[in-house]
Every structure is written in structure tokens, then in C-alpha cells.
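Whatever order the structure lists them in is the order used to number ligands and atoms, beginning at 1.
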Amino acid sequence: MIKGIFPIVKLRNIETPFYYYDMELLNNTLKTVNTEAGKYGFEPHYAIKANANPSILKTIAKAGLGADCVSGGEVDAAIKAGFPASKIVFAGVGKTDWEINLALDNDIFCFNAESIPELEVINELAGKKGKTAHVKLRVNPNVDAHTHHYITTGLSENKFGFNLEDLDDVIAKIKTLPNLEFIGLHFHIGSQITDLSSYENLCVRINELQDEFEKKGIQVKNINIGGGLGINYEHPNHMPIADFESYFHLFGKHLKLRQGQRLHCEPGRSIVAQCGSLITKVTYVKKGKSKQFAIVDAGMTDLIRPALYEAYHRIENITSDKEPQKYDVVGPICESSDVFLKDTDLNETQRGDLLAIRSAGAYGEIMASRYNLRKLPGSVISTEI
Ligand code: LLP
């Protein structure tokens, strides 16, 4: 009936709410990433935290990307989906013993370490297994990502990583830990970054740091710039693939890599956000004095981003082609923040219509909860229906 991207007839018969993943778009996005990163020999590791749906993971592994994990569960999911252990990096401020052991048993590429006590524990556990663990140090470059304060991480006063001024001591400490090998530096300045100049600042900071390291004779084999490339939530139809060309070009141009040095990155949102939509059915249309509400069967338990970050997701009625009217689109949960979007234009809506909440492929399904004892949302893969 509307918007060629949704196979409405097929979706009509599936129990809502569910995530619908457009695999053609995911594959085209992955092709673009490989082409643009390939121009400079950069190596992308998909940040699994954005979406760990098994079909999505398998597709990304098949495209040849590595994996960026932040828990034992993610390391396990990465291996099961077919990511080679040699392309798995493991970050996180609070890695527990079983998680470190799992990573060691699988011989993952490296640990992105965030504190001295953590380095000590990795050293001890690696020693017990007679292994040497590769470690990168996560560094706070003190670069402002100009994004939502909940997802800015690169400023000096937060729980992530080491501060620049402590690095010398940390590297000296690693030399005393016989089961660790220091292989490089890891940065991540924030998420949903649309102003690429933040990344230019990151390059300047990394170049300065590399100059200092060179003077001190410290060898850095590997630089990891983290993730964070933003997507266009306002216009998912016009800009379905993020601007990977400019993103990789920027690092190719501004970052002075030393000979033999490899550059890794960890895109999450920019790979999966646009291929996913949350499909929800309108349960009731309630008319107030000056407003009307489309009450839908999805809630903040299925997609928490609007409630948690006041995030904008475009919403479309994909089964009506009547004249648009204004609606507040709200969920059924007993929380006043359970609102997807206020005062938005939807084609005239009635009970039973299907709405698509767009750009929901990243940090959507994976952040769902069972609050109110609701069912978890389902998922539908375009190529499997
Ligand atoms: N690397 C590290 C170390 C990270 O902390 C993150 C995200 C990424 C990579 C991937 O960043 P991306 O390319 O997806 O921006 N739940 C929030 C986003 C939290 C991001 C946390 N870290 C949201 O829904 O916006």
C-alpha cells in the first residue's frame, strides 16, 4: 500500500510488536563499510552491543568484519555467529574472572583494558593458563563528542579508560606483568557523532600522543578509534547509509599512522540502525480535548531510546494512505515516559493499523526488557519471510 521497503501483506499476519530487519540494506551498508575502510587498510570491528540478533551477527561476520565485545555473553555470541577469535576485541570497565577466562580460552585478539587492577587480574588468569594476553589501553583523549551527555565518554572525568597523564606509569606497570603484551591504544569518544570535527580533534590528540611515545621508544602496533559515527534519524529514507566515505577519509587524511601500524574501529549504530524498524499495531485511537493519541502495542520495554535519552525516531503509518493528522504515539506501559513521539504527522490512523518506528536497528531489540511482565519483541528477517 505504501513505502516499498515494507512487505505489508506478509507483515500483516505476524504477531506485533516485532523488529523488522531489511537485509538488503544491511548488506549494502556492509559493502560500503568494506569498500571505504578498505581504501586505507582500516579494520572495522562491529560493536555487538548495538544489536546481537543472531541473523544480523551471522551476516556481519560473513561480510568479514571483526567483533567488538563488552561481556562474556557477547564474546560467546560472536564466536557462535562465526567471527574468528583473531578478530575479537573485548572492552569494558568491569570484566569478571569468568569473562576474562572465556576470552583467554578462545584466544581472542586483545583485551581493551581500563584500569591497573584489571591488568593485574588478566595477567594472573593468563599466567594460570600459560598464555600471554594482548592488551590495548583505553585512553581518555579528553575530546568532546558534542553528543548526548549519557553517551559522551571521551572526557577525562568519567569511569572509562586511563587519563593521558597516567599512561607512562601504566605502561611501566605492564612491563612488570609477565603474561601481558602491550599492543596498542584504544579510544572511544562517544556515540551518535554527527559533527565529524570531533574526530579531527581525536586525530590531533592521537598524533601528539604518538610523537611522545616515539620519543620514549614505546612501540604501538595498533590504534583503535572506537565507534560513534552517527546516523540520520530524521531522514532514514534519504540517507539510509551513514557517511562512511567521509568518516574513513578523515582518519586517512588526519591520522599519522606509523609504519606497520594497524587501525581498528568499532562501528555499531552506523552499521545496523537504519536496517531495523519496530513494527507495532495501533490498539486504540483516543481523542482528547486538543490532542489525539495513537496507543500502540509496543512500549518502552521494546524500544527504550525515546524514554531514556529523549531520542527521536521517525514514525510512519505503513498501512494507511489517508490525509495526515497529528498524533502523540504512546505505549501501554504504566510510566508517563512511555511516549514514542509527540505531535507527529501520521496518515489518518485507526485501530489495527501498523506503524513503523524507524532507525531502530541499533540499541533497540537488544535493550528490550520484560518490565510489566511483557513479552520480548519478536524479530523478522526480510530474507526469511
Ligand atoms: N566502542 C565502544 C568502546 C563503545 O563504548 C561503543 C558504544 C561503541 C564502540 C559503539 O558505538 P556506536 O558506533 O554504536 O556509536 N544505548 C545508546 C548508545 C550507547 C553506546 C555505548 N557505547 C543509544 O541507544 O544511543
*asked:* Using 0.5 Å steps for rounding, measure from the NE2 atom of His254 to the CG atom of Asn201.
replied: 10.0 Å

*Which value, rounded to the nearest 0.5 Å, describes the distance between Ile206 atom CD1 and Phe187 atom CZ?*
4.0 Å

*If you draw a 6.0 Å radius around NZ in Lys256, do more than 12 non-hydrogen atoms from other residues or ligands fall strictly inside?*
no

Atom indices of ligand 1 within 4.0 angstrom of [X] heavy atoms, with elements:
X	result
Arg269	12 (P), 13 (O), 14 (O), 18 (C), 23 (C), 25 (O)
Ala47	10 (C)
Gly227	1 (N), 9 (C), 13 (O)
Glu266	1 (N), 2 (C), 3 (C), 8 (C), 9 (C), 10 (C), 13 (O)
Arg138	3 (C)
Asp68	1 (N), 9 (C)
Tyr309	16 (N), 17 (C), 23 (C), 24 (O), 25 (O)
Gly268	12 (P), 13 (O), 14 (O)

*Determine, using ring centers only, whether Phe251 and Tyr40 are less than 6.0 Å apart.*
no

_Side chain to side chain, Phe160 and His188, heavy atoms closer than 4.5 Å_ = no

*Begin with the C-alpha distance, continue with both residues' side-chain angles, and end with the deciding distance and a verdict on ring-ring contact (aromatic ring centres under 6.0 Å, His included) for His264 and Phe109.*
CA-CA 12 Å; His264 288 186; Phe109 175 65; 5.4 Å; yes

*For ligand 1, is Pro267 a contact, meaning one of its heavy atoms is under 4.0 Å away?*
yes

*Can you tell me if Gly228 has a non-hydrogen atom under 4.0 Å from ligand 1?*
yes

*Which other residues belong to the hydrophobic cluster containing Val339, where Ile, Leu, Val, Met, Phe, Trp and Tyr are joined when side-chain heavy atoms lie under 4.5 Å apart, directly or via other members?*
Tyr284, Phe293, Ile295, Val330

*Give the single entry among Gln192, Met367, Arg305, His188 that approaches atom 24 (O) of ligand 1 most closely by any heavy atom.*
Arg305

*With sequence neighbours left out, write down each residue that passes ring pair (Phe, Tyr, Trp, His ring centres under 6.0 Å) with Phe244, or none if nothing qualifies.*
none

*Does any N/O atom on Ser191 come nearer than 3.5 Å to any N/O atom on ligand 1?*
yes

